[in-house]
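Before any comments, here is the structure.
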Amino acid sequence: MRIGDLAAATGASARSLRYYEEQGLLASVRSPGGQRGYPHAAVERVGLIRSLLAAGLTSATIRDVLPCVADESIRTPWLADRLGDELTRVEGQIADLHRTRDVLAELVENYKINGTAETVLSTNQA
DNA sequence: CTTCTTACA
DNA sequence: TGTAAGAA
């Protein structure tokens with residue numbers, strides 16, 4: 001499929017898809033006219049890339065880690081450590097989000113009761 | 001009409 | 001990342 005089709009199928013802009021390729025995250029074949037071509041499997045590939053990017057992994061990290069998803073043969077011990085570090089980091093992010101959620105939930109509850117957040121705000125300032 | 005590259009906000 | 005310009 002062409003870049004426009006992949007963009008429509010993944011939600012990523014054509015700009016991003018070219019950028020992923022430039023970063024070595026996504027491969028493509030060129031038609032005689034220079035047009036990029038992608039296999040249908042690219043849809044899943046892009047989905048994973050976007051998830052990892054959204055989770056905070058850098059392009060460089062994804063570049064190193066992504067190939068082991070397809071080739072189990074290239075899984076090395078240092079790669080496992082690499083993934084372990086990312087897992088730890090993401091778990092930390094989840095913990096932070098839980099705290100943020102609690103703060104927002106309490107704020108919302110106070111609005112329901114008082115129609116204002118004065119209680120929470122004044123409490124936290126004290 | 002769609003994509004390509006390059007370059008700028 | 002988005003968008004513009006000129007070419008294919």
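Order of the sequence lines fixes the chain letters, A, B, ..., with proteins taken first and strands second; residue numbering starts at 1 for each chain.
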Exercise. Can you tell me how far the OG atom of Ser28(A) sits from the CE atom of Met1(A), to the nearest 0.5 Å?
Worked result: 12.5 Å

For this session: Specify the residue among Gly33(A) and Tyr19(A) whose closest nucleotide of DNA chain C lies further upstream toward the 5′ end.
Result: Tyr19(A)

Seminar exercise, completed: Between CZ of Arg15(A) and P of dA4(C) the distance, given in whole Å, is 13 Å

Seminar exercise, completed: Students should find that the nucleotides of DNA chain B closing off the region near chain A, any atom under 4.0 angstrom from a heavy atom, are dT2(B) to dT5(B)

Exercise. So, Ser16(A) side chain and Ala12(A) main chain: donor-acceptor pair closer than 3.5 Å or not?
Worked result: no

For this session: Flag the pair Arg18(A) and Glu21(A) as a salt bridge only when some basic side-chain nitrogen lies within less than 4.0 angstrom of an acidic carboxylate oxygen.
Result: no

For this session: Would you indicate what Arg2(A) reaches in the nucleic acid, counting non-hydrogen atoms under 4.0 angstrom: base, sugar-phosphate, or nothing?
Result: sugar-phosphate

Exercise. Are more than 12 heavy atoms from other residues, nucleotides or ligands located less than 6.0 Å from atom CD of Glu44(A)?
Worked result: no

Exercise. Arg82(A) and Thr61(A): side chain to side chain donor-acceptor pair (under 3.5 Å), yes or no, with the steps?
Worked result: CA-CA 8 Å; Arg82(A) 199 103 180 59; Thr61(A) 299; 3.1 Å; yes

For this session: Could you tell me whether Tyr38(A) contacts a base, only the sugar-phosphate backbone, or nothing, with contacts defined as non-hydrogen atoms closer than 4.0 Å?
Result: nothing

For this session: Starting at atom CD of Gln35(A), determine the distance to atom C1' of dA8(C), rounded to an integer number of angstrom.
Result: 9 Å

Exercise. Side-chain N or O of Ser13(A) less than 4.0 angstrom from OP1 or OP2 on dT1(C)?
Worked result: no

Problem set entry | Sidechain N-carboxylate O distance under 4.0 Å for Arg99(A), Asp102(A) | no

Exercise. Can you check the Glu21(A) CD to dT1(C) C1' distance for me, whole Å?
Worked result: 17 Å

